[in-house]
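A quick write-up on the structure given underneath.
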Amino acid sequence: MQVLKDLFRKKPIGGICLIILIAFLLMAVFAGVLAPTPMVNGALPKNLAEGKLAPFQTMAHPLGTDRMGQDLLSYMIYGARTSVILCVCCTLLSTFISLVTGVLSAVVGGWFDLIVQRIVDAVGCIPQMLLLLLLMAMLGNGIPQMIFALSVPSGIGGSRMVRSAAISVKDSGYCRNSDLLGGGVFWKCVMHVVPNIMPLVIISAAGSLGGVVMMEASMNFLGYGVDPGTPSWGALITGAGRDLMFTCPWMCIVPGIAIAVLTFAANMFGDAIRDLLDPRLKGGVGSYNSKKLDKTLAKLEKQAAKRQNAA
């Protein structure tokens, strides 16, 4: 609760972005209630007589329709469900993989650490987009396949940062005392290492939300995204939006704006959480905000000088 209070008081833009993210989450959860046109058998009903209807021409279709007569507002609401599911699942899974791999590699050490780090190096040598395309080509299209393809390489690559933080905690005095008292690897990981690196893990997870949205849209644009017929913002841009970009520009502008807003909100929220949880950004000694610290010290010195002169 204190973090939320500090978020809205010290980082109001981050608090507004949190509200935007919650709004997208609620839109995804209650898509069936919010959408003007409900889905039938997994697809929106089509009406060719209303195909290519521009926005704001009728209250029945405020954002217009596509070439098949499907309501664009309903498509966007159901498409939010796909993007939010991918964001949440990919972020949680990649964070879990990074945490487990990095902490075990740091605490166990030895040959286990050597093998894990060589695997991390091998994954890092392959360009991310190329690796995603290879995985999606082998697994096929679909939401579970995209979750796996986006989460596993990202989790393996992010484990190096977690490992660095875990090593600094493992070498501390209380962890060494735990070894003397008979604490095993599991006890040291759960009771000492993980609680002390959780702020870093939370910062990394919050910052990766925007990247997941962009990668999902990119994969759909390349044709390796969700199944055909599944509402998705990236799929809308790839299909009718790209084919009818000049005659019906709203089909790519509307999902493009939604992707931009969600990505911006996720990135700004991640930056705000980082500023609140990172001890180097809280204004103490060693803070990045050195100008503010210097002004505060100068003010205190002037006050002390005035007191001495008065005495």
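All residue numbers in this chain count up from 1 along the given sequence. The structure displayed is predicted, hence computed values, not measured ones.
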task: With sequence neighbours excluded, give me every ring pair (Phe, Tyr, Trp, His ring centres under 6.0 Å) pair touching residues 6-38.
output: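 Sorted pair list: Phe24-Trp233.
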
- prompt: Knowing that exactly one of Val108, Val201, Ile197 qualifies, which makes a side-chain contact (heavy atoms from CB on, under 4.5 Å) with Val103?
  reply: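 Among Val108, Val201, Ile197, the one meeting side-chain contact (heavy atoms from CB on, under 4.5 Å) with Val103 is Ile197.
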
Can you tell if the side chain of [X] reaches within under 4.5 Å of the side chain of [Y], non-hydrogen atoms only?
X	Y	answer
Met129	Met219	yes
Val152	Leu135	no
Val84	Met27	no

message: Heavy-atom count check: over 12 atoms from other residues, nucleotides or ligands less than 6.0 Å from Phe112 CZ?
response: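 Counting other residues, nucleotides and ligands, CZ of Phe112 exceeds 12 neighbours.
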
field: More than 12 heavy atoms of other groups within 6.0 Å of Gln128 CD
entry: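 For Gln128, atom CD is not crowded (no more than 12 foreign heavy atoms under 6.0 Å).
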
For the atom pair [atom1] ([X]) and [atom2] ([Y]), what is the distance rounded to the nearest 0.5 Å?
X	Y	atom1	atom2	result
Asn267	Cys17	CG	SG	9.0 Å
Phe148	Met138	CZ	CE	8.5 Å
Met268	Ile20	CE	CD1	10.0 Å
Ile97	Leu92	CD1	CG	11.0 Å
Phe269	Ile19	CZ	CD1	11.5 Å
Ile119	Ile156	CD1	CD1	7.5 Å

Minimum heavy-atom separation for [X] and [Y], please, with both atom names.
X	Y	answer
Ala272	Leu7	CB-CD1, 3.6 Å
Ser151	Ile147	OG-O, 2.6 Å
Pro153	Leu131	CB-CD2, 3.5 Å
Ala166	Ala106	CB-CB, 3.6 Å
Met136	Asn141	CE-CA, 4.1 Å

- prompt: So, are Arg160 and Asp121 salt-bridged, with charged N and O less than 4.0 Å apart?
  reply: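 A salt bridge links Arg160 with Asp121.
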
Is there a path of hydrophobic side-chain contacts, each under 4.5 Å between heavy atoms, that joins [X] and [Y]?
X	Y	answer
Leu21	Ile13	no
Ile259	Ile257	yes
Ile22	Met76	yes
Val100	Ile167	no
Leu86	Phe96	yes

Could you check whether any side-chain N or O of [X] sits under 3.5 Å from a backbone N or O of [Y], counting only pairs where one atom can act as donor and the other as acceptor?
X	Y	answer
Ser94	Thr91	yes
Ser98	Gly155	yes
Arg81	Ala28	yes

query: Which is it for Asp113 and Arg163 under the side chain to side chain contact (heavy atoms under 4.5 Å, CB included) test, yes or no, and what are the steps along the way?
result: CA-CA 10 Å; Asp113 183 31; Arg163 173 180 174 271; 2.9 Å; yes

